[in-house]
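Every chain is numbered from 1 and lettered A, B, ... according to where its sequence line falls, protein lines coming before strand lines. What you see below is based on every heavy atom in this structure, not just the backbone, and it leaves out hydrogens, waters and symmetry mates.
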Amino acid sequence: MTLTPQVPALVVLVPLLAGVVIGLVRHAGLAWLLASLASVTTFALTLALAARVQAEGVVIYAMGGWAAPTGIELRVDALNALVLALVAGMAAVIVPTSRASVAREVPADRHDQFYALVLLCVAGMLGVTATGDAFNLYVLIEISSLTAYALVALGRSRDRRALTASFQYLIMGSIGASFLLVGLGYLFLATGTLNMADMAVRLADLHGSTTVRTGVAFVIVGLSLKMALFPVHQWMADAYTYAPTSVTALMASTATKVGVYITIRFVYTIFGHELSFVIMPTDAFLLAFACLAIVVGSLQAIRQHDVRRLLAYSSVAQIGYLVLGLALGSALGLSGTLVHLLNHALVKGALFLAVGAVVYRQGGATMHELTGIARRMPLTAAAIAVGGLGLIGVPLTGGFVSKWYLVAGALEAGLWPVAVVVLVGSLLAVAYVLRLLQVVYFGEPGTVAPEPAGEAPASFWAPALLLLLGSVALGVSGQLTGGLIAAAAGALAGGAP
Amino acid sequence: MSLLATGLFNLLNYWVYVSLMMIGLYAVIAKTNLVKKVIGLSLFQTGIFIFYISMGVVSGATTPITWTDAERLRLGLSRVEVAPERAAAALAAVEEDGLDAARAALGPLAPADAARLDELLARPYTNPLPHVLILTAIVVSVSTMAVALAIVMEIKAAYGTIESDEIVTAELETARAARS
Amino acid sequence: MTHVSPELTLVIPLVGAVIIALLGRWPNAREAVTLACAAALLLAVGSLFPAVLEHGARPAWRGPEVLPGLGLVLEVEPLGLIYAGVAALLWLPNSLYSIGYMRGHHETNQTRFFACFALSIASAMGIAFSGNLFTLFVFYEALSLATFPLVTHHGTEKAQRAGRLYVGFLFGTSMVLMLLAIVWTWTLTGTVDFRAGGILGDVSPGLTAVLFGLFMLGSGKAAVMPFHFWLPSAMVAPTPVSALLHAVAVVKAGVFVVLKVSVYVFGVDTVASGVHHEWLLYLAAATILIASIVAMTKDDLKARLAYSTVGQLSYIVLGAALGNSLGVAGGGLHIAMHAFGKITLFFCAGAIYVAAHKTKVSELTGLGRRMPFTMLAFAVGALSIIGLPPLGGAWSKWYLGLATLEAGHAGLLVVLLISSLLNVAYLLPIPLKAFFLSPPAGDGAHGGADEGIHEAPLPCLIALGLTALGSVALFFWPDLLLRLVTEVAPLGS
Amino acid sequence: MISGLNPGFLLMAGALLIPLLPRLLRQGWLVALPLLSAAQLLTLDRGDRGEVTLAGVTLHTLFVDDLSFTFALVFHLALLLGSIFALKVEDATQHVSAVLYGGAAIAACLARDLVTLFICWEVVAVASAFLIWAQRTPRAYQTGMRYLAWQILSGLLLLAGILALVVERGGPAKLTGPLVFEALPLDGAAGWLILLAFGIKAAFPALHTWLSDAYPEATPTGAVFLSGFTSKLAVYALARAFAGQEVLVYVGAAMAIFPIFFAVIENDLRRVLAYSLINQVGFMVVGVGIGGLGVSGAAAHAFAHVIYKGLLFMSTGAVLFRTGTADANQLGGLYRTMPFTAVCCMIGAASISAFPLFSGFAAKSLIMVAVAEDHRPGVWFLLLFAAAGVFHHAGIKVPFFAFFGHDSGKRPPEAPWNMCLAMGLAAALCIGIGCYPPVLYAILPGPITADYAVYTAAHVITQLQLLLFSALAFCVLMLSGRYPPELTSTNLDVDWLWRRPGRVVWRELTGPIAANFGRLQALLLEGLPAAVSRAVMRPLRVDGLAARFWAMRTSVLVTVVLLLAYLLVGAVHAAR
């Protein structure tokens, strides 16, 4: 029997099963090994899947052989093949290299649990991305979220505030998921189906009845919560600050991206252009909050003393960019969102890894502890520097490409104030990044701060630099991602009536 | 008055679900006790369950079990006064030509019986899908509760309290101590 | 005629920066690398001149594409060659001077200083030879970044504040205004390439005016008021950095962008035909006058020079905004003329600081007896800035003056002439008081207060002597420059 | 020698060598340089040469005709005499600037085109100012700055005029050849601007204050050079460009008259000479304004004037050098110990007063004749009055108060040999030209010929009458004690206008700019960020520790509000 036709299912099942298995082995090393193997395998599978999508077009996999709409199907096109590869790729980089930081930050008897949770979380996110069924989506979201709450709480051995952060995350996450559930209920009520493709077809015929509109409202607000879109972003700042380093790195680079992916899926594929942008003012709603997110998130980032918190607020702003692009409702905007999605995942993952290295060596990641680390930890510092520049969107990083698309998209739509907001946002990014770099490179340790220890283990800076390499590649080679992104954006925007 | 009554009673299930959600959210917002917050969350989710369950209900519908026409007719005949041979003929006809032919074969009935039979034969079944879904959602909700309560326990262990304002005070003091 | 490929002009200083960073422990070797790179770069850029002028070649290099049709492109053209030539030519004396200054002054972090300096030069080369707006923007930002550690070199609170202003104004203008204009141009025309005659032909006049404003104000390095504050505050940096900012690379990058954009994106004729460019003329004129008046009130020598630069830069902005080829020619010439004059002045200011530890204009009275050579060079530089023959500054003023009259703005000629008088008023007293007045009396026991002051270290003197001679030479041999500017903007048109 | 080389350039290049030479060699070089340059001048043929292209501008740096030759020659003389006079000055700055100054003036005279003229014009301006600063006193420094400001203003006006001319002629592209320096019409901005530029250097009324202000502050030797070049260069330029322009006649007449009054009440003898210089230049300007013979007269007068004015400044310079002062009230009776200087001074005074047999007579009479021939009796009388006036203050007052008058008790030694030599040579020239004018007439431009008869009875008698009555007036005034006393005082001249009210206007204009600029800077760099910080950043502080549960609470509330808002907006949107 050949496994090739089963690849879409395996992408979800491998980490899921691996997570379950790891939960049963009570051995830290073995757990790490299995988790690493599983994550790398999953990544390979997603790559294979992406190759297949590129060759064949949309890949549909009926779970258990039940055809849609009765059965649950996995449906992979260019867009979610990209996101799948991203999520699995980040996991494949972060999980195998997380051993040192996990050893430092998580109690020894919890290592197996840790890896099990991580894999379950990844499985949840992959499932969310791959599924073609709306209710299935809700369940998988909750799988990834529940594991994420637990993972955040694991940070308590370093700082008990992880617990309160986790609790807040749980409350907000659950409310968000519940809103999504209510919204799906209304849509189901109106269409009688939960298959996304099917739902899309039927919604197009309904022309926005009250039920449909209520459903759309619940879905969009629920997803905003899940994406941590301003003004419901507060949970993210806390969770990212206190979670174990590798968890933050993984979640910052994947969880919100999956949220954005789902939003794209709902807004473009399921609701369609007319329902989203003509009947409902989703574009205005999202644009307004995206702009606010960019400005307020960046301003808050400028104020922060703790670098992880700074990066978390920067994520709030970056999510603003992502949402802004998708709310523009054009191929340019969507391309911007997709490039930014990739770039921000790479950059933010790398930055949290580098900050993790500092935590590993210095015991914390406030400005105080980062002072002058460039002398002793040049590679970590380099990762912070390049990552910071990527956040700003300096030319030759992926961030610039996405910024370009977003500004062009806004101008194309005649929304020059939005373009200005995008640019002002990157200016504010300059402010917090340069402040950080000034401390890292030009700070004088010894008088105000502890003398830095040596360079952190390679398992911190090597993956960080690898990810940044990806960001730079994204920035200098339009061809690298251009094909996939253009296909995805074209399919979505072109699919609109 | 009648409009209000219609609105109130016809949409009763919605009112219930919305009320439950609001009560739950209120608890989440207003209560300082973390367990109460969790309970509020649970109430909130329960409201959603009601919404889903009521959504699948069709008044007067049968249970959502797959019936053949013959089985349905047999059930209907058991509820009305009808001659056995006509019943047999109808059952034969339904096998051959479907319900309409069977109804014709049955011949005239007492008006009350006729209406009852027609109602029985035409009655839809309730949609089972929402109920199935909500089973899953309940599982999710229970898991959420479990995780939430676990975290609350940990908070109690770490802070010695589950009152949010006391936790804040404790944190503030820690921060102040760290600063000085 | 053989010439180097344009990307080599970037590679030389880039590689230099890396080697410099690695040689931090061997200062002599490090400085040798700096000088060798400067010399190599000079040769490389020099080899491009005959190719462009004699053979009409436009050597180009295409780098990676970031978006379809949007990539790093270097293309050598005459205007860029002026800027690149100035930067490459002044890097050598500036390096020489830096060595004398940094050692004479026992500065810390010298490795970082020289490495960042080389990076700045690489960025300047990128700006000079950029073949499209995107490349221009990339290197423009790179220059800001590379110079940031130089501005905050001392790490003091004042330096950091200067750094914040520097970043705030430069990134603020470029990232918001200039980038917006670039992307807008791209969405409107589908291209960001520099083309003779401009690329905005099909764009409506109103939008053209908006873009013009965005581009001109977006080039914050041109320090047009009120975007000039970063420049005086950046004076806290070591003097070689000030020289880099004011003469070699940074502010010249700003005005170069202004010129290049008006010539190759808008086209000289478009600038002239629009009614919306006039505000820039008045803004530039106001900047010229106000900066001079403010310069007079400054007792701090470097602050005075900084405001002088602010005023002088607006000469070039004026040239670009006048919308005729004479203005472009004048502006192009002034890039070089001002560079040589102002670098001399800064070299002198630094030499005075190293030798005498004096920073105030009022303290320099009578210093000419102790530092005659420095003060003489200062006078030469000052006269060139004022624009008196036989110094280079006269020619740029000549063409700018012609341009104002040709454009029918006689009032602006008056502004230029008043500015010359004001320049006399705030620049010339410095060397004159140094030479012809007695120093303030000392405390009696040691004779004069200037007892024991000698000329600055020899490398400094050589450097400032060279640049002062350069100012003179530019009067007698401006032909090369003139051929370059007339290639860009034929005077017959 | 070198064909096509403007001798002025030779001088300017040679000037740069001066500081490098040891003392003796330097002195030799100072004398040799003007001689070398003069030799170059004398070998030059008439005509247009020395084509250079600078910055796309075609320059013809050398043009010799009678007019330019006359001025170039006398400038050489002035430079030579001045250099000898200043031979013993140790300060290389003065030598360099003097030779540069003279060289630039000569180069300017011999320039064919306006751009070369402008370049030399500016060098003249800057180089000459050093002769004032070299006095090295705060007062001299200030004066020098004022002087320079005027000179630069003149240069800028010239530049503006040239630029306007280029544009009037169709722009630089149309201008294939040089921008020839020739007669300029006064029908556009260009002509007037250039006239104004020349006018400043020629010390037109109200534009003259730099002269009377600066020359007395120059070094003893510097004043000699200053008196020689600047204003005569302006006369040359006027003669070249504006010969025959009516307006110059009136301006010149005014120039000849008004300084007399200032000169009479002035105490500083060098300032007296400065005023008389303006007066003499007035004669020349009138000559230029009349044109024809007038131009010849102006050239002749300039030639003579350079020498005798130099001589006068040399003698007062020698006095200043020996006694440290040139104030009339502190001098007197110096003839006892400085007889040679006194004699030379009197020869100079006689020349400036146009005594027959002295150079002034030979030159000035040409102008008077030209005025008369042009039928301008009013101007003629004015000039006559001016001539009387100049005899009064320069011819009598200067030698009288310095060498005779009341005895100051000072007994300085005779001037050094080099000064005496210079004065002697100058005096000889004054007498030589006065006795044998055809030497001068031979080189003059215009309709004059060498056999022009200057010593006609009418000329001589008119002049002598004038001089004698003037002398009589002086004597009467002196004897009756009504002559304005020699006091240290400041004469109110038009420069008061820009020294006092001008300063106030300037302060009122620029003060607010500078002050408001500072305020704007504070606002932009400190006030605005602080305000933004207050308005924006402070409310953002909700993310502190204390806010966490509050934040959760708000987050939930916000979520609900968001939902309701979106539903509402959606409903409204759909209803539309």
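Expressed to the nearest 0.5 Å, how far CD of A:Glu142 lies from OG1 of B:Thr136 amounts to 12.0 Å. With values rounded to the nearest 0.5 angstrom, A:Thr164 atom OG1 is found 12.5 Å from B:Glu154 atom CD. Taking CG of B:Leu34 as the start and CD of A:Gln168 as the end, the distance is 11.5 Å to the nearest 0.5 Å.
Within a 6.0 Å sphere centred on CE of B:Met153, heavy atoms belonging to other residues, nucleotides or ligands number 12 at most.
The most heavy-atom pairs under 4.5 Å with chain B, out of A:Leu163, A:Ile143, A:Val139, come from A:Leu163. Per-residue counts of heavy-atom pairs under 4.5 Å with chain B were compared for A:Ala150, A:Gly173, A:Ser166; the largest is that of A:Ser166.
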request  = Show your reasoning for whether side chain to side chain contact (heavy atoms under 4.5 Å, CB included) applies to A:Tyr138 and B:Leu133.
outcome  = CA-CA 10 Å; A:Tyr138 162 74; B:Leu133 297 181; over 6 Å; no
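Ring-plane geometry between A:Tyr186 and B:Tyr14 is classed as parallel, the angle between the planes falling under 30 degrees on a 0 to 90 degree scale with a further cut at 60.
Residues A:Gly185 and B:Phe51 approach most closely at CA-CE2, 3.9 Å, considering heavy atoms. When all heavy atoms of A:Leu146 and B:Val147 are compared, the pair lying nearest together is CD2-CG2, 3.8 Å.
Side-chain contact check for B:Tyr52 versus A:Leu184: some heavy-atom pair is nearer than 4.5 Å.
Both the backbone and the side chain of A:Arg160 come within contact range of chain B, judged by heavy atoms closer than 4.5 Å. In this structure, chain B has heavy atoms under 4.5 Å from both the backbone and the side chain of A:Ile175.
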